[in-house]
Each structure stands twice: as C-alpha cells, then as structure tokens.
Amino acid sequence: VLSGRDTFVGSMFGCLGAGSLPGPVLLTGVKTDRRAVLLIGCMIGGGSTIALYGQSSSLPLSMLILFVSGIVGPAIFINFAQALLQLNTERPMMGRVMSMYGLSFAASVPVGQLQGGILMKLIGPQATKCASSWMRSCATAAQADDGATGRCAPSVSSAGAGTFSNSVVM
C-alpha cells in the first residue's frame with residue numbers, strides 16, 4: 001500500500017476511525033433546521049475525500065485525507081440516517097422500517113465489495129477508489145430532493161415506505 005509495508009494498512013484504517021470520533025462530537029454543536037442538507041453535504045464530502053485518497057501517492061497525505069474523511073463521512077451518515085428514519089416513521093411501522101434499514105445496510109457491504117472487485121480487475125485499484133467515490137457523491141446529489149432549502153427528508157409511513165417528502169423539515 002503506497003509502497004509501504006502491510007502495517008500501514010492498519011494505521012490508515014486507524015486514521016479513518018480517529019476522524020470518526022470528532023465528527024459527531026462537532027455535529028452536536030450545530031444548531032440548524034437544515035439537517036438534511038448537512039447529511040447530503042457529508043455524503044458528498046465523504047465521497048470526495050475518498051476520491052482524493054484514491055489519487056494520493058503519499059502515505060502522510062493519505063492518512064490526513066482518511067482522517068478528514070472520517071470527520072465528514074461514515075459516523076455522521078449512520079447517525080443522521082437512523083435519526084431521520086426514526087423521526088419520520090409512524091410508530092406502528094418502526095420495527096419493520098428499522099429492520100429493513102439494517103438489512104439493506106448490511107447487504108450493501110458485499111454488493112459494494114463485488115462491485116469494487118470487478119472494477120479493480122477492469123481499471124485498477126486507484127481508478128476504482130476514485131470512480132466509486134465519485135459515483136457515491138453523484139448518486140447522493142441526484143437523490144437530493146429540494147436540497148437547496150433543506151426540506152429533503154425521507155418519509156416512511158404505512159401509505160408509502162421510503163418516499164421523499166417536502167412536507168417535513170428536519
């Protein structure tokens with residue numbers, strides 16, 4: 001990895017994990033009614049930092065990028081996604097919705113690994129990391145419904161699970 005020994009892989013994952021700690025802590029101080037915009041920003045920012053990591057050829061720079069990615073990426077997304085689902089789900093549907101969320105979240109890992117493995121064989125590891133990250137950012141931006149006003153919120157009800165609604169301000 002980056003012309004280094006295998007021991008650097010653990011250190012780089014550690015940098016991502018270390019960045020995941022201050023992200024949610026910093027988020028507790030943010031008072032906003034535009035949480036959905038912040039969530040979308042974190043998804044795009046997280047994807048962009050991983051794309052930068054894919055282009056990095058320096059170990060210290062890669063570790064710094066992974067630390068920043070940890071701040072704006074996974075921890076905030078996981079906390080926000082669960083909170084948005086729970087706040088916008090009718091009480092009788094809560095168990096079903098959260099079960100499906102957990103199942104789809106867990107199922108996405110092997111699907112992503114399959115996609116990454118296929119791409120890596122075709123275009124190489126650096127290009128795969130960049131392509132996957134930019135696809136994540138673009139998909140997030142494309143799914144943002146009225147993201148400029150911050151009124152994008154997943155709404156789950158017995159009438160239609162998983163729809164986006166402009167009626168709920170997060």
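Counting from 1, the numbers follow the sequence of the chain as shown.
Shortest non-hydrogen contact noted between Ser56 and Gln126 is O-NE2, 3.8 Å. Closest of all the heavy-atom pairs between Cys130 and Ala51 is SG-O, 3.3 Å. Val72 and Gly45 make their closest contact through CG2-C, 3.9 Å (heavy atoms, listed as atom of the first residue, atom of the second, distance).
Among pairs with a residue in residues 97-113, none fulfils side chain to side chain donor-acceptor pair (under 3.5 Å), at least two apart in sequence or across chains.
When hydrophobic clusters are built by joining Ile, Leu, Val, Met, Phe, Trp and Tyr residues whose side-chain heavy atoms come closer than 4.5 Å, directly or via intermediates, Leu21 is not grouped with Phe67. The same ILVMFWY cluster, assembled from side-chain heavy atoms under 4.5 Å apart, contains both Phe105 and Leu84. Following chains of ILVMFWY side-chain contacts shorter than 4.5 Å, one can reach Ile50 starting from Met12, so the two form part of one hydrophobic cluster. In the hydrophobic cluster analysis, where Ile, Leu, Val, Met, Phe, Trp and Tyr join through side-chain heavy atoms closer than 4.5 angstrom, Tyr53 is grouped together with Leu61. Hydrophobic clustering (side-chain heavy atoms under 4.5 Å, transitive across Ile, Leu, Val, Met, Phe, Trp, Tyr) groups Leu114 together with Ile123.
The CZ atom of Arg96 sits 11.0 Å away from atom CD of Glu90, with the distance rounded to the nearest 0.5 Å. A distance of 9.5 Å separates CD in Gln55 from CD1 in Ile65, rounded to the nearest 0.5 Å. One distance of note links CG of Leu66 with CG of Leu16; it measures 5.5 Å at 0.5 Å rounding. Between Cys15 atom SG and Leu59 atom CG the span is 8.5 Å, to the nearest 0.5 Å. Separation of atoms CG (Leu52) and OG (Ser62) is listed at 10.0 Å; rounding is to 0.5 Å.
Between Ser132 and Leu119, some side-chain heavy-atom pair lies under the 4.5 Å cut-off. Looking at heavy atoms from C-beta onward, Met135 lies in side-chain contact with Gln115 at the 4.5 angstrom threshold.
When the shell of 6.0 Å around CE of Met98 is examined, it contains more than 12 heavy atoms from other residues, nucleotides or ligands.
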